Protein chains: 2
Amino acid sequence: MTNRLARADRIAADIDALAALTDPDRPWTRRAFTPRFLDGRAYMAKAMADAGLDVRIDTAGNMIGRRPGRVPGKGVLAVGSHSDTVPDGGRFDGIAGVVAGLEIARALRERGIELDHDFEVVDCLAEEVSIFGVSCVGSRAIAGVLPEDWLVRTADSLTLAEGIRGVGGDPARLAEAKRSDIAAFLELHIEQGPVLEAGRLDVGIVTAIAGITRVEIAVAGRADHAGTTPMTTRADALVAAAELVIAIERLALERSLGEAHFAATVGEFSILPGAANVVPSSARLLIDARAERRADMEAFLADLAGLVADIAGRRGVAIAEPRRVSDNWPTPSDAGLLSLMETAADTAGATHRRMASGAGHDMAFFARIAPAAMLFVPCRDGRSHSPDEWAEAEAIALGTDVLIETIRRLDARQDTE
Amino acid sequence: MTNRLARADRIAADIDALAALTDPDRPWTRRAFTPRFLDGRAYMAKAMADAGLDVRIDTAGNMIGRRPGRVPGKGVLAVGSHSDTVPDGGRFDGIAGVVAGLEIARALRERGIELDHDFEVVDCLAEEVSIFGVSCVGSRAIAGVLPEDWLVRTADSLTLAEGIRGVGGDPARLAEAKRSDIAAFLELHIEQGPVLEAGRLDVGIVTAIAGITRVEIAVAGRADHAGTTPMTTRADALVAAAELVIAIERLALERSLGEAHFAATVGEFSILPGAANVVPSSARLLIDARAERRADMEAFLADLAGLVADIAGRRGVAIAEPRRVSDNWPTPSDAGLLSLMETAADTAGATHRRMASGAGHDMAFFARIAPAAMLFVPCRDGRSHSPDEWAEAEAIALGTDVLIETIRRLDARQDTE
């Protein structure tokens with residue numbers, strides 16, 4: 001064990017305090033734009049100030065704690081994530097990253113460590129899918145890519161613009177949230193998967209955030225009387241769709257055995273008419289596919305098209321061309337940052353591996369405007385977006401030390417702008 | 001073409017007249033217990049009377065038209081089906097059988113054919129699943145097996161008892177609807193399947209009404225993040241359930257290639273949580289299995305149990321023991337009636353084959369109290385319970401002739417009680 005800079009007890013105290021700010025009947029819920037979220041933000045603002053940071057809220061509603069560097073104009077080394085949760089969500093997803101940022105500020109001050117760069121902790125607004133049906137509101141704005149028409153989305157008799165104003169932002173001046181002064185962005189996050197725990201590793205060095213492509217498939221068969229229609233003359237949409245589900249899993253499984261992360265899931269599945277005595281006439285599937293490498297996604301989509309044609313032909317059902325509901329490419333981490341984080345992990349005494357993130361994160365938007373990378377810490381049983389989500393404060397503290405070491409090396413590096 | 005007794009034009013006129021009595025915005029709908037149903041009953045009462053029948057409504061709400069025979073105490077030769085429809089249902093399902101009965105009465109009178117037996121046309125109340133959620137209300141009462149507790153079922157602020165009273169029955173004296181005087185019951189019905197049409201056959205001699213067993217299966221997997229959970233560590237309830245669907249179809253297909261009718265359909269299928277980015281945690285299937293022979297059903301259920309154990313073991317999901325939601329045994333037709341109908345079909349010049357009914361019918365309840373059998377006539381594309389349901393009046397007339405010939409032979413047969 002090396003000499004730790006980050007303190008697990010302080011991290012645990014922050015996480016417990018934020019967890020307590022939950023809708024009481026459905027722990028742990030603190031959704032963006034709700035009064036509970038503002039309670040969480042008030043806690044964050046005080047904690048940032050106590051850590052010696054200058055606290056502000058940008059025009060997009062992100063809360064930013066800043067510690068000026070010794071050398072003006074060197075740019076900002078930023079650490080961040082989000083403090084909002086999904087409904088019934090966990091106590092660590094996002095929160096661990098913001099608290100790690102806070103603890104970095106405390107540790108730097110405690111040890112008297114000065115940086116040439118400015119240092120910022122960023123609590124990004126509404127990373128999770130919010131009441132407005134959209135996610136990563138704050139980090140999109142920081143990257144300058146928040147769609148203008150999202151501002152008029154409404155929920156609970158509010159527009160998103162009003163929601164941003166309610167957390168202290170100024171949507172009329174949204175463009176000012178865009179940053180061009182960030183020298184590097186780092187995000188610590190729980191893995192939300194079982195890989196680190198299974199490998200008994202301390203941290204994951206995240207090579208990329210996987211691209212996410214969502215594909216809808218509609219199968220049209222023929223409704224027939226379940227009692228009187230011979231098995232040989234049916235066009236059963238459910239059976240055809242079930243073949244698709246099995247084949248999609250097989251394709252994804254094969255592809256996932258390669259070096260790069262790949263997964264595909266049919267998460268939405270429904271049939272019509274859904275009557276006990278009627279052969280199903282139609283089925284709808286929504287596939288969520290995630291690939292670290294775009295080439296893998298393209299190959300999967302090509303395989304899927306072949307699969308659909310084959311099943312439609314054999315089963316006498318009509319399957320429309322798979323429709324891409326959304327299609328986001330992978331976001332690779334900055335290669336230089338990856339090497340630096342590996343060295344930092346070795347220095348901090350943290351065992352590590354490279355791995356992709358199957359989930360989306362704020363980092364994907366920071367990567368559009370700055371060198372960016374992520375660090376995963378293990379979580380229990382890979383559980384996330386669940387009340388059972390759990391990560392040890394010691395594990396978060398060790399990850400925080402890796403970030404501190406990374407920041408010190410970044411700060412000292414000659415080529416950092 | 002032999003000399004026809006039944007007239008297709010009169011049959012077509014009845015069917016058209018009843019079809020016109022539909023909820024205007026959703027043809028062809030005349031559900032039991034509705035005002036529209038009473039309009040249909042009024043038409044039937046007049047048509048029965050015009051055919052020389054004495055019309056009454058029994059205590060269970062069945063409408064019965066009676067023509068006394070020459071020899072008291074020989075019993076009743078009854079022909080019947082039902083005049084109610086499913087929502088958006090067809091013009092022929094049930095109606096064809098009641099109209100065939102009417103036409104028999106007209107043809108017998110027209111030709112001056114007297115019978116020793118009494119002859120009755122029975123319009124059974126509520127054969128289709130009614131607003132009260134139950135079916136075959138009238139024929140169950142005739143068999144004395146209408147569950148007493150059904151009478152307090154409610155729908156549209158009515159109890160079933162009140163519904164029966166509303167159509168002219170007397171639920172307090174329901175037991176009096178039970179019959180012990182029926183010498184034979186015959187039901188003509190559209191096939192509701194494609195077999196006769198495909199074989200270019202005039203009529204089907206129905207060997208049995210298949211047993212219907214409904215089985216519910218619940219698959220419990222584990223909800224996981226669709227992006228971060230490796231394909232190899234999932235317990236995906238949907239994929240396991242999809243394997244079940246495919247295997248159930250294979251089992252049913254193999255069994256259906258034997259001599260006796262067999263079919264199995266997964267008509268209800270749902271998953272939870274049904275979110276794009278979450279591996280499905282649970283799935284529910286409802287299987288509708290139909291077998292002409294009980295032994296086939298037992299074998300299918302045994303195979304199903306093995307299947308479930310296999311998939312649960314391989315996939316790491318929990319599948320509860322399949323639950324029999326309902327389990328009705330097959331109802332064989334009376335063997336003597338089958339032979340008689342075949343001879344009658346030959347006499348009437350109708351090509352025929354033996355076949356099972358995959359659907360349930362009023363005949364299944366008459367079979368509990370009397371020798372009973374059914375005759376199928378072809379319908380277009382096997383469509384039924386659909387606005388597209390269609391049968392040619394000529395085809396119904398030919399089937400009616402087969403019934404008339406059957407009735408004459410029954411009436412003449414010495415052994416008929």
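From a predicted model like this one, the values you see are computed outputs, not experimental measurements.
For chain A, the option among B/Thr229, B/Ile246, B/Asp381 with the highest count of heavy-atom pairs below 4.5 Å is B/Ile246. Annotation: maximal heavy-atom pairing with chain B below 4.5 Å, among A/Ala210, A/Ala283, A/Pro230, A/Gly358, occurs at A/Gly358. When A/Ala264, A/Ala198, A/Ala241 are compared by the number of non-hydrogen pairs under 4.5 Å with chain B, A/Ala264 comes out ahead. Heavy-atom pairs under 4.5 Å with chain A were tallied for B/Val278, B/Asn277, B/Leu286; the largest tally goes to B/Asn277. Options B/Glu191, B/Glu243, B/His385 differ in how many heavy-atom pairs under 4.5 Å they form with chain A, and the most are formed by B/Glu243. Looking only at heavy-atom pairs under 4.5 Å with chain B, the residue among A/Arg383, A/Arg255, A/Met231, A/Arg290 that has the most is A/Met231. Your options are B/Ala242, B/Pro194, B/Gly267, B/Ser256, and the one with the most heavy-atom pairs under 4.5 Å with chain A is B/Gly267.
Residues of residues 268-275 of chain A that come within less than 4.5 angstrom of chain B, heavy atom to heavy atom, are A/Glu268, A/Phe269, A/Ile271, A/Gly274, A/Ala275 in numerical order.
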Donor-acceptor contacts under 3.5 Å from residues 215-223 of chain B side chains, at least two apart:
from	atom 1	to	atom 2	distance (Å)
B/Glu216	OE1	B/Arg323	NE	3.2
B/Glu216	OE1	B/Arg323	NH2	3.1
B/Glu216	OE2	B/Arg284	NE	2.5
B/Glu216	OE2	B/Arg284	NH2	3.0
B/Arg222	NE	B/Asp224	OD2	3.1
B/Arg222	NH2	B/Asp224	OD2	3.1
B/Arg222	NH2	B/Thr233	O	2.7

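Considering only heavy atoms from C-beta on, A/Leu238 stays 4.5 Å or farther from B/Glu249 through its side chain. A heavy-atom distance below 4.5 Å is found between the side chains of A/Thr265 and B/Pro280.
For A/Trp329, there are no side chain to side chain donor-acceptor pair (under 3.5 Å) partners at least two apart in sequence or on another chain. In this structure B/Thr228 satisfies the side-chain contact (heavy atoms from CB on, under 4.5 Å) test together with A/Gln192, A/Ala359, B/His225, sequence neighbours excluded.
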Intermediate values then yes/no, side chain to side chain contact (heavy atoms under 4.5 Å, CB included), A/Thr232 and B/Leu257: CA-CA 9 Å; A/Thr232 47; B/Leu257 301 178; 4.3 Å; yes
